[in-house]
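Read the structure below first, then the notes.
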Amino acid sequence: MGKMINANLSKIEECNQFSGSYSKDDVVFLLKPCRIKMTDVVEKERLIQSGQKHYSEMLSAECIPDNRYMTLYHEALDRNAGRLRRDVEALADAIASRPETAAECVVTSLARAGTPIGVLLKRALERRGTIAHHYSISIIRARGIDMNALRFIHARHGSASTIFVDGWTGKGAIKRELDRSLNGNTLGFSPFFAVVADPAGVADLAATTEDYVIPSGLLNGIVSGLISRTVLTDELVGPNDFHACLFQQEFLGDDLSRTFIADIETAPIPKYTGELWTTETAERVRTLSRSLVSEIMAEIGISDVNRVKPGIAEATRAILRRVPERVYVSSFADPEILHMSHLAAKVGVSVIERDLANYRAVTIIKNLGGDQE
């Protein structure tokens, strides 16, 4: 079986390394590009909530945002590009100071939200003299991390210098999945998890606990190498395959993936005035996060925690990719939530102002098929 896995994984190299719309010097996607049948958003939501299908078994078609939304994206980029650059540099400083990753680091981003952050982090580490490799792999809630991808990485780099990278935390589900997937793994990977923004307070390393707009979080494939969300079905993914994805070639003319990286790397870095991330601040916001989610669930009478999407990026993606019931924001006057008001108005969903503790926004998914724990 080992020979079969090695033969299968070598196909990535035979195909000149699959990098989506990025340069192969920036990232290698350990994913299997496939043709994937699209599922209507409402039907997908019904199938997920009824328990008939897992979310990772279906994709809904993405589209290019309208002109107003793209204007809001560029305004967010103008507002926060420098901050994101500063935060990535702070992560790179911390990673380059760790004995395990000072000389060499395998940046393993979690596709797809982690991919642009991984590209930026790889470059920042290289500027510090660290030999950096960047792979983007799939992890799926309740289904685990792609172990074939980890075998590929282990065969080339071992496991000691690997870190796992994402853009942000919402409730902390991906961190829990990472811990669960790697618990007792025989390859020796540690679930060291680094993000830019950690409002859930669960990361091993972050630049901040503040819930702010990371501009790439407002868009889908056109800022993530034209890669779809990852898919895991028996029809597409064999025992020796990487998890599947759709390469969105039809959006090549609208792709901003490389432009986004250039915009962040050339943005002026502002002076930092906020609270630095520490394990102590993470513990404090973790308590706030869990209390808020429980409070909202009790308030509106739901039992499925997966219907609650806290954090500005997760709340945004829930409107874009799911069927929202309502949107909470911490302040109508907050410029960071303008894009959410626009999206909510387009789909006819109410936006409600309320105290959200350490979050700026929370989206509630509409019940279409009964709560599934």
**Request:** Return yes if some donor-acceptor pair links the side-chain N/O of Thr281 with the main-chain N/O of Thr278 below 3.5 Å, else return no.
**Result:** yes

Is it the case that the side chain of Thr209 and the backbone of Pro199 share a donor-acceptor pair, with hydrogens and angles ignored and the cut-off at 3.5 Å?
no

Polar contact flag, side-chain donor to acceptor under 3.5 angstrom, Tyr212-Asp87:
yes

Asp146 side chain to Ser138 main-chain N or O, any donor-acceptor pair under 3.5 Å? no

Aromatic Phe260 / basic Arg258 pairing, under 6.0 angstrom, 45° off normal: no

*Mind checking whether Ile174 and Ile365 sit in one hydrophobic cluster, side chains of I, L, V, M, F, W, Y counted as touching below 4.5 Å?*
no

Start with the C-alpha gap between Lys171 and Glu314, add the side-chain angles, then the distance that decides, and say whether salt bridge (charged side-chain N to carboxylate O under 4.0 Å, His left out) holds.
CA-CA 9 Å; Lys171 297 189 297 286; Glu314 291 303 300; over 6 Å; no

| query | Are the side chain of Thr130 and the backbone of Glu126 linked by a donor-acceptor contact shorter than 3.5 Å? | reply | no

Looking only at heavy atoms, the pair that brings Thr363 and Pro324 closest together is CG2-CB, 3.8 Å

Quiz item: For Leu47, does its backbone N or O pair with a side-chain atom of Ser50 as donor and acceptor, under 3.5 Å?
Solution: yes

Looking just at side-chain N and O atoms, do Asp255 and Ser21 make a donor-acceptor pair shorter than 3.5 Å?
-> yes

Ignoring hydrogens and angles, tell me if any N or O in the side chain of Gln49 forms a donor-acceptor pair with the backbone of Lys366 under 3.5 Å. yes

Using a 4.5 Å side-chain heavy-atom cut-off and chaining through intermediate ILVMFWY residues, the residues clustered with Leu338 come out as Leu72

Quiz item: Does Glu177 use its side chain to pair, donor to acceptor, with the backbone of Gly144 at less than 3.5 Å?
Solution: yes

Hits for salt bridge (charged side-chain N to carboxylate O under 4.0 Å, His left out) against Asp254, two or more places apart or cross-chain, chain-then-number order -> none

Scanning both residues in full, the closest heavy-atom pair of Phe247 with Glu250 reads O-OE1, 4.4 Å

(Q) In this structure, would Leu178 and Met147 fall into the same cluster of hydrophobic residues linked by side-chain contacts under 4.5 Å? (A) yes

Quick note, salt bridge (Lys or Arg N to Asp or Glu O under 4.0 Å) partners involving residues 205-214, not counting sequence neighbours, are Arg83-Glu210, Glu210-Arg360

*asked:* Apply salt bridge (charged side-chain N to carboxylate O under 4.0 Å, His left out) to residues Arg128 and Asp93 and explain how you reach the verdict.
replied: CA-CA 8 Å; Arg128 286 158 175 77; Asp93 281 339; 2.7 Å; yes

- When you check the side-chain N and O atoms of Asp66 and His342, is any donor under 3.5 Å from an acceptor? yes

Residues passing the salt bridge (charged side-chain N to carboxylate O under 4.0 Å, His left out) test with Arg143, sequence neighbours excluded, are Glu57

Worksheet item: So, Thr230 side chain and Cys245 main chain: donor-acceptor pair closer than 3.5 Å or not?
Response: no

Worksheet item: Do you reckon Leu356 sits in the same ILVMFWY cluster as Val285, going by side-chain contacts under 4.5 Å, direct or chained?
Response: no

Sorted by chain and residue number, the side chain to side chain donor-acceptor pair (under 3.5 Å) partners of Arg290 (sequence neighbours excluded) come out as none

Item checked: Any donor-acceptor N/O pair, Lys175 side chain to Ala200 backbone, under 3.5 Å -> no

Query raised in the report: Looking only at side chains, do Tyr359 and Ser330 share a donor and an acceptor under 3.5 Å apart?
Result: no

Output for pair (Glu295 CD, Asp355 CG), nearest 0.5 Å, gives 7.5 Å

List the atom pairs, donor and acceptor, that lie under 3.5 Å between side-chain atoms in residues 106-119 and the rest of the protein, sequence neighbours left out.
| residue | atom | partner | partner atom | Å |
| --- | --- | --- | --- | --- |
| Ser109 | OG | His134 | NE2 | 2.8 |
| Ser109 | OG | Ser136 | OG | 3.0 |
| Arg112 | NH1 | Glu62 | OE2 | 2.9 |
| Arg112 | NH1 | Ile227 | O | 2.7 |
| Arg112 | NH2 | Glu62 | OE2 | 2.6 |
| Arg112 | NH2 | Asn220 | OD1 | 3.3 |
| Thr115 | OG1 | Arg112 | O | 3.2 |
| Thr115 | OG1 | Ser136 | OG | 2.8 |

Requested in this report: Output yes when a side-chain donor or acceptor of Asp198 lies under 3.5 Å from a complementary backbone atom of Ala203, and no otherwise.
Outcome: yes

Mind checking whether Phe18 and Lys24 have side chains closer than 4.5 Å, heavy atoms only? no

When the ring planes of Phe189 and His154 are compared, do they come out parallel, tilted or perpendicular, using 30° and 60° as the limits?
perpendicular

Residues passing the side chain to side chain donor-acceptor pair (under 3.5 Å) test with Arg85, sequence neighbours excluded, are none

Heavy-atom closest pair (Ala197 atom, Ile214 atom, distance to 0.1 Å) is CB-CD1, 4.2 Å

Applying salt bridge (charged side-chain N to carboxylate O under 4.0 Å, His left out) to Lys309 and not counting sequence neighbours gives none

So the side chain to side chain donor-acceptor pair (under 3.5 Å) pairs with at least one residue in residues 70-81 (sequence neighbours excluded) are Arg79-Glu336, Asn80-Glu336

Residues at least two apart in sequence or cross-chain that pass salt bridge (charged side-chain N to carboxylate O under 4.0 Å, His left out) with Arg284, listed by chain then number, are Glu275

Check the pair Glu89, Arg123 against salt bridge (charged side-chain N to carboxylate O under 4.0 Å, His left out), reporting the backbone distance first and the verdict last.
CA-CA 10 Å; Glu89 296 291 337; Arg123 292 184 177 193; over 6 Å; no

Residues at least two apart in sequence or cross-chain that pass side chain to side chain donor-acceptor pair (under 3.5 Å) with Lys44, listed by chain then number, are Ser60

Side-chain donor-acceptor pairs of residues 28-38 under 3.5 Å, sequence neighbours excluded:
| residue | atom | partner | partner atom | Å |
| --- | --- | --- | --- | --- |
| Lys32 | NZ | Leu236 | O | 2.6 |
| Lys32 | NZ | Asp241 | OD2 | 2.9 |

Under 3.5 Å, is there a donor on one side chain and an acceptor on the other for His339 and Thr316? yes

Under a 4.0 Å threshold between the charged nitrogen and the carboxylate oxygen, would Glu43 count as salt-bridged to Arg46? yes

* Asked: Has Glu100 got more than 12 heavy atoms of other residues, nucleotides or ligands less than 6.0 Å from its CD?
  -> yes

